[in-house]
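Ligands are counted one by one from 1 in listed order, and the atoms in each one are counted from 1 as well. All of these numbers come straight from a predicted model, not from anything done at the bench.
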Amino acid sequence: MSFFFFAKNSKDDVTLNSKEVQAESKDKEVSAPRDIETPDEMEEDNKKRHLNVVFIGHVDAGKSTTGGQILFLSGQVDDRTIQKYEKEAKDKSRESWYMAYIMDTNEEERVKGKTVEVGRAHFETETTRFTILDAPGHKSYVPNMISGASQADVGVLVISARKGEFETGYDRGGQTREHVQLAKTLGVSKLLVVVNKMDDPTVNWSKERYDEIELKMTPFLKSSGYNVKKDVQFLPISGLLGTNMKSRMDKSVCSWWNGPCLFEALDAIEVPLRDPKGPLRMPIIDKFKDMGTVVMGKVESGSVTEGDSLLVMPNKIQVKVVAVYCDENKVRRAGPGENLRVRLSGIDDEDILAGFVLSSVAKPIAAVTEFVAQLQILELLDNAIFTAGYKAVLHIHSVVEECEIVELLQQIDPKTKKPMKKKVLFVKNGAVVVCRVQVNLICIEKFADFPQLGRFTLRTEGKTVAVGKVTELPSVSN
Ligand code: GTP
Ligand code: MG
C-alpha cells in the first residue's frame, strides 16, 4: 500500500456531540505502490478526464468484491497477492471473501467481512481516470457512506440477485433505498445499477430474475429523482468471477445479454463539465501536518494552482498554496472534480477542521449560522412529528453539525409542487416543507449556485430522516 503522501484521517479533534456521528467518516487508501511521477508526466495524464465513482448498496451486495475485481482486472493486483488473500480468507472461514480483501484492508473488516471505512482506489480505462470509493453497506456506517457519496459524481449501485438478498436489501430498513436517496441528494448524478451475483446457483444468469429486479427498481429510482432513461443504466455481472466486467461476456455464459460490460458502461458515462474558471471551492475532508499543513478534499468549483493565495473559510485565514498533489502525483494545477492534497503555508493544522472550505479570495464562500431550505421528510423516528424545535445532525458536503429547525415556513403541495396557502406548524413523513435552519457557523452555498455545496441530509440516531436543498442564505454573510 502506498501511504506516501497519504495519512490516515485524524478527526479526533472534530468534536461532534451526537451519537450517530461517533462512527466517524474515514477513508482508507487502497493502491499498489507506484513511483511518483514528475509533474510533466502528470500533465500528460491529465488529458484523460477524471471521475469519482462511489460503490453503494446493501450490506454484502458485493461492492468490495466488485471493486477488488476491477483492480485485479486492470492489472493492479498480481496472482500472488490474490493467492495470499485466498489463504487468509480461508483461515478466517471466509473463503469467498478474498476479492473483497483487496478493498477491505483493515483487520476488523476482514474478520467481519464488512467494510467500515470508505476504501479508495484508482484505475484507468481508455478515456478516463477513475477513483473508486467503496462505501460500507452496513447501516451503522451510513455516515461513512455519506462521506463517500458526497465526493462522487457517479454511483455504482450494487444489487445482489441471490435469492432473498435482493428482497432484504430492497425492503424497508434495507440500505438499497436509503443509499439511492442519499446518493441523489448528495449530488451523484448518474447511476449504474449492477445486478451482481448472477453466477450464484439460485440465479444462474436467469433473465427472469434480472428483469424482476430491473422492474422493481425502476419506479423507485424514478421516485428518488433519477431520470431512468437518461441517468441510469442496468447491467448484469458477477463481481466474484469478473464476468461482464472488463470485456463483454460470452453467449455461452449468458445468451440474452446484448448490452455493454461494466468498463464500457463506465467509460461511456457523461457528466456535466464544471467550470475550471469559477471561484474556487474545495471542502476540506481532512488535514495533517507534513512539511507545513496539508488539506485533503475534492475541488467542487474552480482550480488550484501552486502559488495561489486563498482563504480558509469560515475563519478567513489567508493561505498560500505551496504544492498540489493529485493522487500520488505532484501537479502544478488541478481543476474541478479532482481529489487533492494541498500543502498550505500561513496556517496551522490546528486551525482547520473537516467541513472548512478552501476558497477563492475574490469570491469567498458564504459562512452562515442560519439558512432557508426545502426539505423532503423521509422517515421520522417512530412517526415523530416534524416541527419547530426539531434537532438533527446536518451532513452537508464535508460538514457534520448539529442543527435545529427554528421555523416551518411553507409546505409544498406534492402534486403541484407549489407552496400551500395554509400556515404550517408540523408535518409528517413524506412531506416537502420549506424551513429555517439554525446551526453553528458553517460554509455552504445555495443549491441553485453550487449544487454540491447546497444539498444535505438530516440524520438522527443513525437514521436519515430528511434530505434537503439550501434555497436562501442570509443577505449579509461572511
Ligand atoms: P459490505 O462492505 O459489508 O457492505 O459488503 P459488500 O457489498 O462490500 O460485499 P462483499 O464484497 O464483502 O461480498 C459479500 C459476500 O458476497 C462475499 O461472500 C462475496 O464472496 C459474495 N459475493 C460478492 N460478489 C459475488 C458474486 O458476483 N457472486 C457470488 N456468488 N458471490 C459474490
Ligand atoms: Mg464492502
Side-chain angles (χ1 to χ4, degrees), residues 23 25-28 30 53-73 77 82 85-86 88-90 92-121 132-149 155-166 168-170 174-176 178-180 182-183 193-206 209-210 213 235-246 249 253-254 257 261-262:
S25 55
K26 290 181 175 179
D27 287 2
K28 57 179 187 286
V30 181
V53 182
V54 65
F55 281 53
I56 56 174
H58 192 68
V59 66
D60 283 353
K63 299 175 289 297
S64 303
T65 300
T66 304
Q69 184 68 257
I70 287 178
L71 295 192
F72 179 61
L73 291 173
V77 185
I82 294 286
Y85 289 163
E86 266 180 300
E88 189 183 336
K90 205 165 174 202
K92 293 191 163 73
S93 303
R94 290 202 171 273
E95 275 92 336
S96 65
W97 256 266
Y98 64 96
M99 271 289 165
Y101 278 17
I102 298 172
M103 301 302 294
D104 292 338
T105 52
N106 295 350
E107 185 61 14
E108 180 194 358
E109 297 178 318
R110 291 185 175 178
V111 170
K112 294 190 182 149
K114 295 204 175 8
T115 304
V116 178
E117 298 181 6
V118 174
R120 187 189 284 266
I132 306 176
L133 300 158
D134 174 32
H138 194 275
K139 57 176 178 296
S140 309
Y141 309 122
V142 172
N144 291 2
M145 177 274 170
I146 290 176
S147 130
V156 171
L157 172 63
V158 182
I159 292 187
S160 169
R162 184 183 282 163
K163 193 171 176 198
E165 287 191 356
F166 164 65
T168 322
Y170 185 67
Q175 265 50 62
T176 306
E178 184 176 20
H179 280 194
V180 169
L182 289 172
V193 183
V194 300
V195 180
N196 187 33
K197 308 199 188 180
M198 290 297 291
D199 62 292
D200 188 82
T202 65
V203 187
N204 203 10
W205 296 96
S206 150
R209 179 63 165 163
Y210 177 85
I213 292 171
L235 71 160
I237 64 162
S238 164
L240 189 60
L241 306 180
T243 318
N244 205 32
M245 288 184 57
K246 192 177 179 190
M249 59 189 151
V253 176
C254 176
W257 180 252
C261 60
L262 181 60

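- For the Mg ion (ligand 2), the count of nearby protein N, O or S atoms, meaning those under 2.8 Å away, is 2.
- By the criterion of a heavy-atom distance under 4.0 Å, the side chain of R162, and not its backbone, is placed next to ligand 1.
- Contact annotation: A61 has at least one heavy atom less than 4.0 Å from an atom of ligand 1.
- Polar contact with ligand 1: present for G239 (N/O pair, distance under 3.5 Å).
- By the criterion of a heavy-atom distance under 4.0 Å, both the backbone and the side chain of S96 are placed next to ligand 1.
- The shortest heavy-atom distance from D60 to ligand 1 is under 4.0 Å.
- In this structure, atom 13 (O) of ligand 1 lies nearest to the protein heavy atom T65 OG1, 3.4 Å.
- Polar contact check, L241 against ligand 1: no nitrogen or oxygen pair lies under 3.5 Å apart.
- Summary of contacts: the protein heavy atom closest to atom 24 (N) of ligand 1 is N196 ND2, 3.1 Å.
- Contacts of R110 classified as side-chain hydrogen bond (donor to acceptor under 3.5 Å, both in side chains), with partners at least two apart in sequence or in another chain: E88.
- A search for side chain to side chain contact (heavy atoms under 4.5 Å, CB included) contacts involving E108 returns K112, V116, Y141, not counting sequence neighbours.
- Scored by the salt bridge (Lys or Arg N to Asp or Glu O under 4.0 Å) test, E165 finds R162, K197 as partners (sequence neighbours excluded).
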